[in-house]
Amino acid sequence: PNGQLHTFSDDRWKLKGTLSPPDHRRVMHLGSDRLSVQDSSSIREYDWESLREISAIPLPGANGDKNIHTRRTSDGRFWYYTNQGLYVWDGSQWILQLSGDHPSLGRSLSYFAETKDGTLWVSHTNGVERFTRNARSWETVPLPSFQGRRINAIQMAKNGSVWFATSGS
């Protein structure tokens with residue numbers, strides 16, 4: 001609460017410090033020396049030791065919208081998605097990767113994940129798209145019929161198979 005950041009070790013919670021400003025937050029990524037956090041209007045990076053803010057990246061059109069999802073992929077890039085589309089931060093601006101107006105997406109991006117092999121996965125009302133680093137483009141993945149279901153998790157097993165968790169009827 002109130003921007004407090006806690007760590008858990010030795011079977012107990014310890015107060016690490018307080019992030020400023022204390023806004024709605026979601027921890028996105030903790031690297032070796034940086035903490036990435038999403039608040040209601042931006043992605044903020046902090047130095048892990050001092051909790052000093054290093055940078056803030058504004059989220060386009062956020063304006064306190066709670067239906068905003070952000071991720072940081074293994075290559076260090078930030079991704080941002082809502083029902084309007086999927087964007088990637090190029091260091092100076094957000095670049096649209098998949099538009100929510102695309103007919104196959106059905107205006108409902110629901111999950112974004114990166115598997116250990118670096119493949120990016122996006123689920124939406126009508127199925128799944130994937131982006132492999134070699135292909136450099138999004139590809140629709142054919143799936144068995146799951147009409148009325150929503151993919152809410154994507155994971156890769158050790159053997160390389162990809163698993164989708166769904167909800168709905």
Side-chain angles (χ1 to χ4, degrees), residues 5 7-8 19 25-39 41-49 53-62 65-146 149-168:
L5 182 68
T7 59
F8 187 80
L19 300 176
R25 298 185 183 273
R26 185 177 69 80
V27 173
M28 296 172 46
H29 178 80
L30 176 59
S32 59
D33 62 346
R34 288 188 177 195
L35 172 68
S36 302
V37 177
Q38 174 193 329
D39 65 26
S41 63
S42 63
I43 295 172
R44 298 177 186 269
E45 284 195 291
Y46 296 88
D47 174 80
W48 176 244
E49 290 304 316
E53 186 176 309
I54 298 169
S55 65
I57 302 169
L59 295 173
D65 182 357
K66 301 292 187 214
N67 193 28
I68 293 171
H69 306 278
T70 54
R71 296 280 188 270
R72 186 172 195 171
T73 51
S74 62
D75 60 5
R77 295 187 303 170
F78 288 108
W79 294 79
Y80 157 85
Y81 69 99
T82 69
N83 287 342
Q84 282 68 51
L86 174 70
Y87 303 83
V88 64
W89 181 252
D90 74 353
S92 62
Q93 65 181 341
W94 290 102
I95 306 296
L96 181 65
Q97 295 291 303
L98 286 173
S99 171
D101 291 330
H102 189 282
S104 73
L105 297 183
R107 291 195 57 78
S108 183
L109 295 172
S110 58
Y111 195 79
F112 176 82
E114 177 185 26
T115 49
K116 290 181 182 180
D117 65 355
T119 300
L120 304 178
W121 298 83
V122 177
S123 66
H124 49 81
T125 303
N126 299 322
V128 174
E129 306 288 321
R130 74 175 165 197
F131 180 89
T132 58
R133 299 201 195 277
N134 295 336
R136 298 240 179 253
S137 64
W138 291 94
E139 169 191 8
T140 300
V141 177
L143 294 174
S145 175
F146 66 98
R149 295 186 179 270
R150 179 182 180 105
I151 295 174
N152 50 28
I154 302 170
Q155 295 292 322
M156 180 179 268
K158 287 184 180 183
N159 69 1
S161 62
V162 178
W163 291 69
F164 300 93
T166 63
S167 60

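Just so we're clear, the structure is a prediction, and the values are computed from it rather than from any experiment.
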For [X] against [Y], the heavy-atom pair lying closest together:
| X | Y | answer |
| --- | --- | --- |
| Ile54 | Asp47 | CD1-N, 3.5 Å |
| Pro58 | Ser42 | CA-CB, 4.0 Å |
| Glu53 | Arg44 | OE1-NH1, 3.0 Å |

If you round to the nearest 0.5 Å, how far is [atom2] of [Y] from [atom1] of [X]?
| X | Y | atom1 | atom2 | result |
| --- | --- | --- | --- | --- |
| Lys116 | Thr119 | NZ | OG1 | 13.5 Å |
| Phe78 | Ile57 | CZ | CD1 | 5.0 Å |
| Ile43 | Gln38 | CD1 | CD | 6.5 Å |
| Glu45 | Arg34 | CD | CZ | 4.5 Å |

Just jot down the side-chain hydrogen bond (donor to acceptor under 3.5 Å, both in side chains) partners of [X], sequence neighbours excluded, or say none.
| X | answer |
| --- | --- |
| Trp89 | none |
| Gln155 | none |
| Thr115 | Asp117, Trp121 |

Stepwise side chain to side chain contact (heavy atoms under 4.5 Å, CB included) test for Val37 and Leu5: CA-CA 11 Å; Val37 177; Leu5 182 68; over 6 Å; no
Any residue meeting side-chain contact (heavy atoms from CB on, under 4.5 Å) with [X], in chain and number order, not counting sequence neighbours:
| X | result |
| --- | --- |
| Asp33 | none |
| Tyr87 | Tyr80, Trp94, Leu96 |
| Ser74 | Glu114, Arg133 |
| Ser92 | Asp90 |

Does the side chain of Thr73 come under 3.5 Å of the side chain of Trp79 through a donor N or O and an acceptor N or O? yes
Walk me through whether Gln97 and Glu129 qualify under side chain to side chain contact (heavy atoms under 4.5 Å, CB included). CA-CA 11 Å; Gln97 295 291 303; Glu129 306 288 321; over 6 Å; no
Answer yes or no: is there a side-chain heavy-atom contact under 4.5 Å between Trp163 and Ile154? no
Is any side-chain heavy atom of Val128 closer than 4.5 Å to one of Val122? no
Start with the C-alpha gap between Trp138 and Leu120, add the side-chain angles, then the distance that decides, and say whether side chain to side chain contact (heavy atoms under 4.5 Å, CB included) holds. CA-CA 9 Å; Trp138 291 94; Leu120 304 178; 4.0 Å; yes
Give the intermediate values and the outcome of side chain to side chain contact (heavy atoms under 4.5 Å, CB included) for residues Leu59 and Ser41. CA-CA 5 Å; Leu59 295 173; Ser41 63; 5.9 Å; no
Please name all residues satisfying salt bridge (charged side-chain N to carboxylate O under 4.0 Å, His left out) with Arg71, sequence neighbours left out, ordered by chain then number. none
